[in-house]
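Below: the structure, in structure tokens.
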Amino acid sequence: SDEADWRDNWKEFFHPFTIGKLLVKPTWESVPDDWDLKYVIDIDPGISFGTGQHETTRMCIEELQQHINEGDAVLDLGFGSGILSIAAARLGAGSITGTDIDEDCRSTAVTNLVKNGYPEDRARLLIGDLRSDDTLAKEVGQGCYDIVLANILADIVIDMTDRIHAALKPGGMLIASGIIDFKENEVLNKLTDRGFTIIETNHLGEWSQISAKKDIY
């Protein structure tokens, strides 16, 4: 089947690469001798998109390295293959919660987390659409995250802004990516209106990445 072909074909195009101090590699490649194993991410994407090579993922992980502190509570919206959650774990996150609308992503993400030494019961990976699901929003929790990662489409970031704001601690950081360049201003305006201060914007290819801090008051 086409899907089976795709599952195997990506292997030809996926080679080890670095994002800041992290080395991202497929499980079958070895680690260079001089690389600190603490900063290695082993990833086999399975059927969900996400080896970390995409511009939006790279920018997210670069920003995460700038802003994460040891022990931070991290929420990963649209966790997909689990790549951002694994990066957060490698960079010292104290707890990881994730949401995704695709049930298939859960097994892929759990497998990838476990491969990277992060026990299945340590990450809460929840399935549902945070925009519309009040039960999920309660499960995610309010005012409890230091960092929210949202590598999702601009329109979804806009629709989720209230939920993201509610989930973050005052002074907490949203690292949003996956924003096509012509939607950037719309996202910036929505965040500013909702009580975020824009910290920085980054660009790679046709994509924008926005880091914004939830206002304290």
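One-based numbering along the sequence shown. Any value given below was found using the heavy atoms of this structure, including those in side chains, with hydrogens, waters and symmetry copies removed.
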Decide side chain to side chain donor-acceptor pair (under 3.5 Å) for Tyr145 and Thr97; before the verdict, give the C-alpha distance in whole Å, the side-chain angles of both, and the deciding distance to 0.1 Å. CA-CA 9 Å; Tyr145 296 97; Thr97 300; 3.2 Å; yes
Check your understanding: How far apart are the C-alpha atoms of Thr57 and Ile83, what are their side-chain angles, what is the distance that settles it, and do they pass the side-chain contact (heavy atoms from CB on, under 4.5 Å) test?
Key -> CA-CA 8 Å; Thr57 315; Ile83 178 91; 3.9 Å; yes
Take Lys169 and Asp72 through the salt bridge (charged side-chain N to carboxylate O under 4.0 Å, His left out) test and state the conclusion after the steps.
-> CA-CA 11 Å; Lys169 296 175 181 175; Asp72 275 358; over 6 Å; no
Go through the steps to decide whether Glu55 and His203 satisfy the test side chain to side chain donor-acceptor pair (under 3.5 Å), and finish with yes or no. CA-CA 9 Å; Glu55 289 105 325; His203 305 95; over 6 Å; no
| said: Between Asp181 and Ser208, is the side chain to side chain donor-acceptor pair (under 3.5 Å) condition met? List the steps. | reply: CA-CA 5 Å; Asp181 47 19; Ser208 298; over 6 Å; no
Step-by-step side-chain contact (heavy atoms from CB on, under 4.5 Å) determination, Ile43 to Ile86
CA-CA 9 Å; Ile43 194 106; Ile86 296 162; 4.0 Å; yes
- Just do the side chain to side chain donor-acceptor pair (under 3.5 Å) check on Asp76 and Ser85 with the steps written out, would you? CA-CA 6 Å; Asp76 180 3; Ser85 291; 2.8 Å; yes
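Applying the side chain to side chain donor-acceptor pair (under 3.5 Å) criterion to Asp42, with sequence neighbours excluded, gives Lys25. Partners of Glu103 under the side chain to side chain contact (heavy atoms under 4.5 Å, CB included) rule, at least two apart in sequence or in another chain, are Arg106, Ile127. Remark: Thr161 pairs with Lys190, Leu191, Arg194, Phe196 by the side chain to side chain contact (heavy atoms under 4.5 Å, CB included) rule, at least two apart or across chains.
In this structure, OG in Ser95 is found 8.5 Å from CZ in Arg122, a value given to the nearest 0.5 Å. Atom-to-atom distance recorded for Met173:CE and Leu149:CG is 11.0 Å, nearest 0.5 angstrom. Taking CG of Asp155 as the reference point, atom CD1 of Ile179 lies at 10.5 Å (rounded to 0.5 Å). Rounding to the nearest 0.5 Å places CD of Glu120 at 9.0 Å from CG of Leu113. From Glu62, atom CD reaches atom NE2 of His67 across 11.5 Å, with rounding to the nearest 0.5 Å. Ile199 CD1 to Gln66 CD: the interatomic distance, rounded to the nearest 0.5 Å, is 12.5 Å.
No chain of hydrophobic side-chain contacts below 4.5 Å, direct or via other Ile, Leu, Val, Met, Phe, Trp or Tyr residues, connects Leu23 to Met59. When hydrophobic clusters are built by joining Ile, Leu, Val, Met, Phe, Trp and Tyr residues whose side-chain heavy atoms come closer than 4.5 Å, directly or via intermediates, Leu75 is grouped together with Leu174. If you chain together hydrophobic residues whose side chains sit under 4.5 Å apart, Val74 and Ile164 never meet in one group. A continuous path of hydrophobic side-chain contacts links Val24 to Leu84 [ILVMFWY only; heavy atoms under 4.5 Å]. Grouping the Ile, Leu, Val, Met, Phe, Trp and Tyr side chains by contacts below 4.5 angstrom, directly or via other members, places Val187 apart from Trp207.
Minimum interatomic distance between Gly78 and Asp100 (heavy atoms only, all atoms of both residues): C-OD2, 3.2 Å. The shortest heavy-atom contact between Lys183 and Ala154 is CB-CB, 3.6 Å. Pairing each heavy atom of Ile152 with each of Leu77, the nearest pair is CG2-O, 3.6 Å. Looking at every heavy atom in both residues, Ile147 comes nearest to Leu64 through CD1-CD1, 4.0 Å. Pairing each heavy atom of Ala73 with each of Cys144, the nearest pair is CB-O, 3.5 Å. In terms of heavy atoms, Ala137 sits closest to Leu130 at CA-CD1, 3.7 Å.
In the displayed structure, Lys213 atom NZ is contacted under 6.0 Å by at most 12 heavy atoms of other residues, nucleotides or ligands. Heavy-atom neighbours of Ile198 CD1 from other residues, nucleotides or ligands within 6.0 Å: above the threshold of 12. By the 6.0 Å contact criterion, CD on Glu200 is enclosed, its count of non-hydrogen atoms from other residues, nucleotides or ligands being greater than 12.
For Gln65 (side chain) and Ile19 (main-chain N/O), a donor-acceptor pair under 3.5 Å exists by modelled atom type. For Lys214 (side chain) and His165 (main-chain N/O), a donor-acceptor pair under 3.5 Å exists by modelled atom type. Asn116 places no side-chain N or O within donor-acceptor distance of the main-chain N or O of Tyr118, the cut-off being under 3.5 Å. With hydrogens and angles disregarded, a donor-acceptor distance shorter than 3.5 Å links the side chain of Arg90 to the backbone of Val40.
Put simply, the side chain of Ser81 does not reach to within 4.5 Å of the side chain of Cys105, judged on heavy atoms. Looking only at side-chain heavy atoms (C-beta outward), Arg58 and Phe17 come within less than 4.5 Å of each other. Between Tyr39 and Leu91 the shortest side-chain heavy-atom distance falls below 4.5 Å. A 4.5 Å side-chain heavy-atom check between Leu125 and Phe79 finds at least one atom pair inside the cut-off. No side-chain heavy atom of Ile175 sits less than 4.5 Å from a side-chain heavy atom of Val148. You'll find the side chain of Thr56 stays beyond 4.5 Å of the side chain of Gln209, heavy atoms only.
Ion pairing between Asp129 and Arg131 holds under the 4.0 Å rule for side-chain N and carboxylate O.
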